[in-house]
2 protein chains.
Amino acid sequence: MLNNHAYVSPKTRVIVEKAIKNLNYKPNMLGRNLRRSSTQMILLFLPTISNAFYTKVLEGVEDTARKNNYYILLCETNGNPDIQRFYLNMAKQHLVDGIISMDPSAEDIILNETDQHIPIVQCGEKTNDDRIPYVGIDNVAAGYKATKYLLSIGRDRISFISSSKTYNYDIDRKLGYQQALEEANIPFDPELIEYSDLDFDAGYQTMKNILANNKGINAVFTVGDMIAIGALKAIKDSGLTCPNDIAVVGVDNIPFASMMNPTLTTISQPSYEMGSNAVRMLLNKLNNPELEVKSILLPHELIIRDSTMV
Amino acid sequence: MLNNHAYVSPKTRVIVEKAIKNLNYKPNMLGRNLRRSSTQMILLFLPTISNAFYTKVLEGVEDTARKNNYYILLCETNGNPDIQRFYLNMAKQHLVDGIISMDPSAEDIILNETDQHIPIVQCGEKTNDDRIPYVGIDNVAAGYKATKYLLSIGRDRISFISSSKTYNYDIDRKLGYQQALEEANIPFDPELIEYSDLDFDAGYQTMKNILANNKGINAVFTVGDMIAIGALKAIKDSGLTCPNDIAVVGVDNIPFASMMNPTLTTISQPSYEMGSNAVRMLLNKLNNPELEVKSILLPHELIIRDSTMV
DNA sequence: ATGAAAGCGCTAACAT
DNA sequence: ATGTTAGCGCTTTCAT
């Protein structure tokens, strides 16, 4: 009766409900979990929690999960395979009903070391395996749009700071960058491609290096605002000014982007919606195991701020 | 034998281990959870995940929990009692072994609506109830140190931006501020106390208001870097300069503090250690239920940067 | 409409 | 040193 299973007479209902109140009865979910072999828990793989983009996605995930009576188990991988395995192992032990992964570096391990068919949705990163649906943006279009814009304001030596040669979102943004250059008849110069970790310090160092090697650039497009913010500081510390000497465009539109001086032009990802969609997709999968959940592309937007406005 | 319970002969051990491999046996933890009525899960109450201070603490919590084979269930309350109750309710259903709370606004609900004695540790905020141990810094000393420093560089009209009249950390920092003023024979001016939410936008608006009312201030001390960063921007947007016109000091030393322009002087809290200590305290309590776990004060530090260096 | 009983997978206690 | 069994609290099926 506690699970509205059968028809219950109104009077017994009242009696039972009174008893529940009186005894202050709280069901022990551990029994239910074992019986149903489900836990209402979702494991969330994040590369790092220090990047405000992931934080925003997490908010969408948590909100939506809670509204559907699910809980979020947090796994910050820092790209560390040992940590990925630790959490994957707990998933294999039936402790979670499904996984949402924002960590591109976890896909291989998740796929190859998970024999049990635990439902997975990827968020923010396209998948290489069709068994896993994903939600994200069109990263080729995003890279194209950012680069095209920089070209339109007269910048023709644009450095591209990437964070990985293997992550799809990164590869795609670079592809967009190249397409825009090509369209403008500007030859692609591999010298202008740099790699950086996705944090301030790495962004700072990378930009410092670029400037030290004097490649004559007048703009930078980078795959993440964290890198862009480090770059802004490096430009200033080098005695140059942004945007006059070097314009900067990032991706993600983290809250800090609008607090910087100068404020940062960036491609905005719908982070919260990415999170909530990922949860909805996963719940769909959980409720209809045979259903093939479709991947989703959400819109993105170029937000023009001071770092590109002379 | 799977729980190294009794003496096992080496040969049987080998046999069993081989079988485990062969069958690819993964224990179903739901059975164990029910049996032991524990889940190896810790519920973490955070006011918000958008404040990088909490993010850093979370890293300490997650790392330490994982190293001890515990998992973190994330609850971002946003100060919302409904959300606090939702998660508290799941705690009552035996889904977590303990709670770490960084949310001052959750203490009442946790205490008054939890009859079951679920172990709790508070982190970053002193407790009003001795049943709950906490880990944090000496906030009176922190407020005193920051204010004393501003006085030492010749600032005598110092506005204090608070985030709450009821949170202990906030009250204590204000107390330290007042002590330092008193010591310098500067009368306390209630006009200089302002209240702001702990985010950029609120900090920005609050600072704008302060400037609009022209209280002749030459410095601001605020309880959080998030507010301070908003204030920095407001100062700039108002045509004033920091530190020349107004010096700014925050608290937390979030990573962004050193990326700002100017970089932000702040009181550094040992966020990661606060997180890891909170976990250790909770585990102590879990392992020795009768043991009285002692509260801990960790050291803090004034980090001087450009926002106070003329 | 209500009651009774089996069993989810594990662990701990007990018997061999 | 190994084998057996009861029972954690719930849900579900079957019997009344």
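Note: hydrogens, waters and symmetry copies are ignored here, and every other heavy atom, side chains too, is used. Keep in mind that this is a model prediction, so the values were computed, not measured. Below, chain A is the first sequence line, B the second, and so on; all start at residue 1.
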Testing D/dG9, D/dT11, C/dC10 for proximity to the side chain of B/Pro27, the answer is C/dC10
Per atom distances to the B/Arg36 side chain, the nearest of D/dT11, C/dT11, C/dG9 is C/dT11
Output the rounded distance in Å from [atom1] ([X]) to [atom2] ([N]).
X       : N      : atom1 : atom2 : value
A/Lys26 : D/dC8  : NZ    : C1'   : 20 Å
A/Gln93 : C/dC8  : CD    : P     : 20 Å
A/Ile15 : C/dA1  : CD1   : C1'   : 13 Å
A/Leu30 : C/dC10 : CG    : P     : 15 Å
A/Arg35 : C/dG7  : CZ    : P     : 10 Å
B/Asn33 : D/dC10 : CG    : P     : 15 Å

Exercise for review: Hey, can you tell me if B/Phe256 and A/Phe256 have their rings parallel, tilted or perpendicular (30° and 60° cut-offs)?
Suggested key: parallel
Candidate pair B/Asn277 and B/Arg280, rule side-chain contact (heavy atoms from CB on, under 4.5 Å), full reasoning | CA-CA 5 Å; B/Asn277 271 287; B/Arg280 273 191 287 270; 4.0 Å; yes
All heavy atoms of B/Ile118 vs all of B/Gly98, minimum pair found to be CG1-CA, 4.1 Å
Worksheet item: Are A/Arg32 and D/dG9 close enough that a side-chain N or O sits under 4.0 Å from OP1 or OP2?
Response: no
- [ ] Kindly say if B/Tyr25 contacts the phosphate of C/dG9, meaning a side-chain N or O under 4.0 Å from OP1 or OP2.
- [x] no
Classify the nucleic acid contact of A/Leu34 as base, sugar-phosphate or nothing, counting any heavy atom under 4.0 Å across all strands shown. base
Query raised in the report: So, for B/Tyr71 and A/Phe86, is the gap between ring centers shorter than 6.0 Å?
Result: yes
